There are 2 protein chains.
Amino acid sequence: MVSRSDLVREKLEQMIVEGSFAQGERLDEIKLSQHFDVSRTPLREAFQALAASGLLVLEPRRGAFVRYPALEEVFEMFEVMAELEAFCCRLAAGRVTQPLLADLDKTMVDCKQAVDSGDVSHYYRANERFHALIYQASGNRFLEGEATRLHRRLKPFRRLQLNNRGRLAHSFAEHGRIIDALAKGDAQAAAIEMRAHIAIQGGKFNDLIVSYRQAARKVTGEDGVSTRAQTALGL
Amino acid sequence: MVSRSDLVREKLEQMIVEGSFAQGERLDEIKLSQHFDVSRTPLREAFQALAASGLLVLEPRRGAFVRYPALEEVFEMFEVMAELEAFCCRLAAGRVTQPLLADLDKTMVDCKQAVDSGDVSHYYRANERFHALIYQASGNRFLEGEATRLHRRLKPFRRLQLNNRGRLAHSFAEHGRIIDALAKGDAQAAAIEMRAHIAIQGGKFNDLIVSYRQAARKVTGEDGVSTRAQTALGL
DNA sequence: TACTGCATTCTTGCATACAAGCGGCTTGAC
DNA sequence: GTCAAGCCGCTTGTATGCAAGAATGCAGTA
């Protein structure tokens with residue numbers, strides 16, 4: 001995790017997730033290797049890893065292309081995410097330990113502070129922790145890993161959802177209901193609450209569309225290279 | 001998909017899944033590159049890809065090590081698999097089309113023939129098709145991909161389950177109940193039937209243990225290199 | 001005799017050189 | 001003027017060389 005290829009992978013992933021590149025943009029091995037001050041070898045290894053997690057598509061003899069999922073696919077991913085998290089809850093209801101419940105309560109205190117002060121990024125961090133704890137509480141390490149992976153991948157599309165002021169309070173209330181169900185050991189209720197918490201429905205529909213447009217919009221200059229990428233690369 | 005690194009990846013994956021290497025065995029870049037008659041570069045790219053799918057662990061400056069999941073992790077994976085497939089069924093019940101149902105019926109005919117003749121590998125192929133069709137019927141392409149991925153990864157641990165003569169007929173009957181529920185559009189029933197079909201319970205427990213021992217057993221020679229690997233490499 | 005430190009050797013990580021496609025451009029012919 | 005074919009250049013894919021780090025073995029000391 002200290003190799004150059006890992007560092008490059010981290011940075012490239014960050015750039016892609018932040019929307020530094022346009023949809024379908026070809027990543028130039030030479031330019032990028034110069035930018036990161038590494039040779040093509042570790043860069044190509046980073047490409048492989050990013051392609052494996054779905055952020056790039058490698059076309060033989062043509063190059064690496066940035067791939068933002070289509071809006072439809074994002075909905076599909078949220079649909080699966082909702083189910084995975086609901087399953088975490090179902091398992092957690094029977095397996096959650098007292099220390100973990102205490103940790104969950106702590107995130108609730110954190111979230112409450114964030115809601116009261118309207119501090120979105122504070123809430124965002126506490127929310128991350130809340131969900132990570134639920135994955136952990138499932139007691140299924142493999143499930144925890146899969147959930148974490150998908151959660152990461154959906155990150156750019158979750159960004160704006162919390163900016164909606166009403167959403168913060170709603171989200172907080174939902175967290176409360178989930179924890180209550182877990183504390184009672186009610187697997188069914190916990191799963192249902194979590195599914196509702198994640199699923200794209202009602203107002204979240206529009207929030208997602210906006211998030212999506214911001215994350216995956218194509219901003220190209222005259223030469224077909226995205227101006228955002230040019231900025232990101234200092235061109 | 002025609003590059004040497006892809007070919008090497010395919011072959012290595014096959015070898016690992018077939019159990020050609022011992023648990024924890026270090027894969028020698030130079031020996032393997034000689035064996036596959038490629039340079040270290042495409043081999044290393046294959047390592048990266050296999051590490052991404054969890055078959056290898058890459059330790060910095062130490063090398064690539066074969067990683068068979070612990071028995072506990074296999075159970076966890078089956079637990080998640082059951083849930084993913086159950087979710088596929090839940091979605092499929094509302095979305096399945098007439099042509100797909102017809103295809104599913106075709107696999108049932110195939111399975112029936114295999115059961116009657118006791119042809120396990122025939123049943124195995126028909127079973128693969130059955131499950132692939134269910135994933136497809138979910139109408140969620142992302143879910144389909146994830147389910148397929150996990151299904152592949154569990155392949156070596158499913159091998160022996162069908163060798164149990166009683167299991168074939170049971171499995172067939174379960175398929176029937178699943179299709180019936182789908183045809184009726186009963187999402188709840190379809191999900192429950194599928195979950196029961198996949199979940200490790202009852203007699204399947206012992207079958208899995210045997211499969212696991214066969215897949216992940218460590219067979220080492222005096223020099224610490226697995227004799228199975230030596231055979232596979234023609235040493 | 002056991003443990004620690006150093007040196008040697010082997011292996012990986014990275015850089016670079018070379019080969020092989022693919023695409024675009026130019027030129028020629030109809 | 002347009003279309004097609006061939007060539008040139010650019011990009012990716014692969015091989016190999018070199019450097020740095022880890023493991024192992026040996027020697028010296030406690």
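Quick caveat: nothing in here was measured; it's all calculated off a predicted structure. In what follows, chains are A, B, ... by sequence order, proteins preceding strands, each numbered from 1.
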By nearest nucleotide on DNA chain D, pick out whichever of A:Thr41 and A:Ala64 is the more 5' one.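 Its nearest nucleotide being more 5', the pick is A:Ala64.
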As a test of understanding, state which of A:Arg90, A:His197, A:His131 forms a side-chain hydrogen bond (donor to acceptor under 3.5 Å, both in side chains) with A:Glu85.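 Going through the options one by one, the only one that passes is A:His131.
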Report the distance from atom [atom1] of [X] to atom [atom2] of [N], rounded to the nearest whole Å.
| X | N | atom1 | atom2 | value |
| --- | --- | --- | --- | --- |
| A:Arg61 | D:dG9 | CZ | P | 19 Å |
| B:Glu59 | C:dT12 | CD | C1' | 13 Å |
| A:Asp28 | D:dT11 | CG | C1' | 8 Å |
| B:Arg40 | D:dG17 | CZ | P | 11 Å |
| B:Arg44 | C:dT11 | CZ | P | 14 Å |
| B:Gln34 | C:dT11 | CD | P | 11 Å |
| A:Ile30 | C:dC18 | CD1 | P | 15 Å |
| A:Asp6 | C:dC14 | CG | P | 8 Å |

Any side-chain heavy-atom pair of A:Leu150 and A:Glu146 under 4.5 Å: no
Looking at A:Gln113, I'd like to know if its CD atom is crowded, meaning that more than 12 non-hydrogen atoms belonging to other residues, nucleotides or ligands lie closer than 6.0 Å.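 Buried by this count: over 12 neighbours within 6.0 Å.
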Exercise answer: donor-acceptor pairs, residues 97-104 of chain A side-chain atoms, under 3.5 Å, sequence neighbours excluded:
{"residue": "A:Thr97", "atom": "OG1", "partner": "A:Leu100", "partner atom": "N", "Å": "3.4"}
{"residue": "A:Asp103", "atom": "OD1", "partner": "A:Lys106", "partner atom": "NZ", "Å": "3.4"}

If you look at every strand shown and take non-hydrogen atoms under 4.0 Å, does B:Glu45 touch a base, only sugar-phosphate, or nothing?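 No contact.
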Of the options [options], whose atoms approach the side-chain atoms of [X] most closely?
| X | options | result |
| --- | --- | --- |
| A:Ser39 | C:dA15, D:dG13, C:dG13 | C:dA15 |
| B:Arg26 | C:dA15, D:dT12, C:dT12 | C:dT12 |
| A:Arg62 | D:dT11, C:dG23, D:dT14 | C:dG23 |

